[in-house]
Amino acid sequence: MSAHIQKSRLDDLKFDNRFVGVLPADPIADNHRRQVTAACYSRVLPQIVARPELVAFSKDAASLLDLSAADCMSSEFAEVFAGNRTLDGMDPYAMCYGGHQFGNWAGQLGDGRAINLGEIINARGERWALQLKGAGPTPYSRTADGLAVLRSSLREFLCSEAMHYLGVPTTRALSLIRTGESVVRDMFYDGRPQAEPGAVVCRLAPSFIRFGNFQLFAARGEIEVLRSLVHYTIETDFPELGPPSKETIVAWFAEVCRRTATMIVHWMRVGFVHGVMNTDNMSILGLTIDYGPYGWLENYDPDWTPNTTDAHGKRYRFGHQPQIGMWNLVQLANAIYPLVEETEPLEQALATYASTYESSWQSMMAAKLGFDRYSGDADLALITELIELLQLVETDMTIFYRRLAEIDSGQQFNADQCMALFANAYYVPDEVSREYVQRVTTWLNRYIERLREDSCDDVSRRAQMNTVNPKYVLRNYLAQLAIDKAEAGDYTLVNELLEVLRTPYEELPNSEAFAGKRPDWARERAGCSMLSCSS
Ligand code: AMP
Ligand code: MG
């Protein structure tokens, strides 16, 4: 680096590194792979890369750090967020955590390719932790390289921001930077490794602590470290609960249950499949975290998972996400049990998950359908029939709900009118039999009768439905098109998608192309329908 770098706004970032300040550190400074005991983290520096090049940044995420677009376009920004330069006040480290992977206890995992730079306090007094993903090996890298490729980084960058704008709790993404180096990946796990462009994403969240952080200390019997971490989390991220005690720990766990339920209801609302809901990928703040082989439902199919590693058991399929949320919370309950030493209050808190999920799901479905409120069994019957119909023929979930909002509740539909309304949502027109259309028509007319029970007029109902049913989601094939271009050095599509996905509920006449069904060529193409964990 040149010796006379001008002072920039980046140097004004105010760091307040509570995680490393409060919690026990790994005493070994050397960066080699190992088991790290009785410590929450290991200090480690990002690896220097050849030629950092900014691919995209989120101006809204930047504003959380009080940074402007001009700051993000400076060469210094690319240097800092590729990991080449450490700012004064940064104290980089990798976290130590464990987790259950696909239902099996995996022992120590940890930040194998994530390096936390520190936490800043912004002008509004908010705490934001900054984390680079793909910035080189750490003591937790096990047999892997600590790096990430452009393809998976672009997917994480875009989806984090898209989820935020959809109103889904999520970690944020500040920047996507190409490293100018290549990374070798065997994308299909078929023994044909290839060099791919490397990249680093900078993620932001109030905290990156996962269920697995607590689990590891419990599994090792490191109860005092566990206690420190729980107290730290309550004091830092849940201060409204009051000073840590047995009671506050139970109240905190109940709050984690509620937040997790709320997050998963949002996933079900927008058709998001996380793909790898291992307990190390569950945020203690109830944020969607670790965007790997995730996917978006195109045709509504509760059994769908995008993750090839999970193709057999489909543990993390769309419709199973609510149950997995519970399974993961049970593991967290087991982990904090030594601090509570009573099962009853933890079981009660777990019951909060089920009750929150159920009531939020009912309100969410009522909102998707434009009802004033969920009115009980009659609504459930209508919803159940709809969910069945959506699966009988391949129906694009996103398009279906937007079309549904269009109807005029004064109208009685016949089969042809019904077909005309939803034609655009069907993937295989030949599947749509006369008999099927008749069933949908019957449903639609019952639905209209139900709408008439509410006081809402069509214009307001339509507007309300369009605030919960997005027009634009990050369709799997759109992300892949942006990747194809970015790999060829053209970053226009990733930036255009970022802009469209900022207002996912608006009608954008110039962006209709992004709201269409998945094209046929994308049905079986890797990256568009199925993804491997290789990233
Ligand atoms: P993930 O499936 O991305 O949530 O990762 C599971 C675990 O594997 C975490 O501990 C990661 O840090 C680690 N991991 C994944 N990819 C890499 C990599 N390329 N290098 C080092 N560690 C990795
Ligand atoms: Mg992970």
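Values below: every heavy atom of this structure, side chains too, minus hydrogens, waters and symmetry copies. All values reported here derive from a predicted model rather than from experimental measurement. Every number for a ligand or one of its atoms is a count from 1 in the order of the listing.
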Is it true that D26 and R34 make a salt bridge, defined as a side-chain N closer than 4.0 Å to a carboxylate O? yes

Test: K133 and E156 ion pair at under 4.0 Å: yes

Contacting atoms of ligand 1, where contact means under 4.0 angstrom from a heavy atom of D145: 18 (C), 19 (N), 20 (N)

As an exercise, identify every atom of ligand 1 less than 4.0 angstrom from a heavy atom of L147. 19 (N)

Check: G112 N/O within less than 3.5 Å of ligand 1 N/O: yes

Backbone or side-chain N or O of D111 under 3.5 Å from ligand 1 N or O: no

Report, as yes or no, whether the 6.0 Å neighbourhood of atom CD on E126 holds more than 12 heavy atoms from other residues, nucleotides or ligands. yes

Taking only non-hydrogen atoms of G292, do any sit less than 4.0 angstrom from ligand 1? no

Would you say G146 contacts ligand 1, with heavy atoms under 4.0 Å as the rule? yes

Within a distance of under 4.0 Å, is there any protein heavy atom near atom 12 (O) of ligand 1? yes

Number of protein N/O/S atoms that sit closer than 2.8 Å to the Mg ion (ligand 2): 2

Tell me which one of N281, T309, L109, V149 gets a heavy atom nearest to atom 4 (O) of ligand 1. N281

Just by modelled atom types, is the L166 backbone N or O under 3.5 Å from a matching donor or acceptor in the Y505 side chain? yes

Give the contacting part of D290 toward ligand 1: side chain, backbone, both or neither, where contact means a heavy-atom distance below 4.0 Å. side chain

What part of R185, side chain from CB on, backbone N/CA/C/O, both or neither, has a heavy atom under 4.0 Å from ligand 1? side chain

Between F102 and Y316, is the ring centre distance below 6.0 Å? yes

For atom 16 (N) of ligand 1, closest protein heavy-atom neighbour: R113 NE, 3.2 Å

What is the closest protein heavy atom to atom 10 (O) of ligand 1, and at what distance does it sit? G110 O, 2.6 Å

Within a strict 4.5 Å, meaning less than it, do heavy atoms of the F217 and E224 side chains meet? no

Give a yes-or-no answer on whether the side chains of T37 and E222 include a donor-acceptor pair shorter than 3.5 Å. no

Just checking, is any N or O donor in the side chain of S58 or D60 under 3.5 Å from an acceptor N or O on the other one? no

